[in-house]
Amino acid sequence: MVRDPLYKFFADVQRVLARSVELRHLHLADGIRVCAIDASYSENRVRVGAVLWELPSMTALEEVRFSGTTHFPYIPGLFYLREGPFAAEAFRRLSVRPDLLLLEGHGVAHPRRAGLASIVGLVTGTPAVGIAKRLLCGTVVWGEGGRGWVELKGERVGVAYRVGTRVYYLSPGHMTDLETLLELLDLTGGRPHELVRRAHELSRS
DNA sequence: GCGACAG
DNA sequence: ATCTTGTCGC
């Protein structure tokens, strides 16, 4: 699959998009609105769930749910082709513009520095962050308090945090930076994964 | 060349 | 992601 001409084409598209990714600080002030988006699959059926949260109160302001059909399989590194279109559609259906998007997957912690969170951030013109349960590439340099940096070729591309035995990986998608990730951890009491977990439950309800 | 590989 | 029973642990 990696040698497939189509894979090379879409990977090239990804490299071009990566050039437009902007990593800069987005300060997450109290009252900020974060939209967590996730999807569930069964064959070609895709069900999407999106929850607009207000932080740090963790209040759900709006929920969006819909389903559709996908035409792309899951291919490591090209996840954006499978879930990207649906995440963008979920964004479009919101009645309120979120200040930040939280997507299931990686942002710049990606071989081509443009994972799902980066591309959805670019396409929607909205700051975005990715959160994943597993690394696609890179390694973690653990620090104190169950926190660590995700490093890729000597560069910090994300933050890792441990909750009990589980580890989650955050990485900037677009218009955000590492500091933004730490602020997100602050505003969610160290549990940003709860935001997407709720979106995932909504998707399969 | 070999293995690893977001959801 | 999803398919799935019992089981380990707080």
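Order of the sequence lines fixes the chain letters, A, B, ..., with proteins taken first and strands second; residue numbering starts at 1 for each chain. Keep in mind that this is a model prediction, so the values were computed, not measured.
- For B:dG7, the OP1/OP2 oxygens have no side-chain nitrogen or oxygen of A:H110 closer than 4.0 Å.
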- Determine, step by step, whether A:E201 and A:R198 satisfy the salt bridge (Lys or Arg N to Asp or Glu O under 4.0 Å) criterion, reporting the C-alpha distance in whole Å, the side-chain angles of both residues, the deciding distance to 0.1 Å, and the verdict. CA-CA 5 Å; A:E201 289 175 348; A:R198 175 72 171 279; 5.2 Å; no
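- Residue A:S40 is classed as a sugar-phosphate contact, given heavy-atom separations below 4.0 Å to backbone atoms only.
- Contact annotation: A:R134 reaches the phosphate of B:dA6 (side-chain N/O to OP1 or OP2, under 4.0 Å).
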- Secondary-structure string, 5' to 3', Watson-Crick or G-U under 3.5 Å, | for another-strand partners, for DNA chain B: .......
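- A donor-acceptor contact under 3.5 angstrom links the side chains of A:R45 and A:S67, judged on distance only.
- Taking atom CD of A:E201 as the reference point, atom C1' of B:dG7 lies 17 Å away to the nearest angstrom.
- We find that CD of A:Q14 is positioned 14 Å from P of B:dA6, with the value rounded to whole Å.
- Within the 4.0 angstrom heavy-atom criterion, only backbone atoms of the sugar-phosphate kind lie near A:R204; the bases stay farther away.
- Counting to the nearest Å, the P atom of C:dA1 and the CD1 atom of A:I131 are 12 Å from each other.
- Using a 4.0 Å heavy-atom distance criterion, A:Y74 is classed as a base contact.
- A:L135 comes within contact range of the sugar-phosphate backbone alone, with a heavy-atom separation under 4.0 Å but no base atom that close.
- Not a single donor-acceptor pair under 3.5 Å links the side chain of A:Q14 to the backbone N or O of A:L78.
- No donor-acceptor pair under 3.5 Å is formed between the side chain of A:S203 and the backbone N or O of A:V48.
- At a threshold of 4.0 angstrom between heavy atoms, the contacts of A:G130 with the nucleic acid are absent.
- Note that CG of A:L187 is 14.0 Å distant from CH2 of A:W53, once rounded to the nearest 0.5 Å.
- At a threshold of 4.0 angstrom between heavy atoms, the contacts of A:L78 include nucleobase atoms, whether or not backbone atoms are also involved.
- A straight line from OH of A:Y41 to P of B:dA6 spans 13 Å, rounded to a whole angstrom.
- Below 30°, between 30° and 60°, or above 60°: for A:H193 and A:Y168 the angle between ring planes is below 30°, a parallel geometry.
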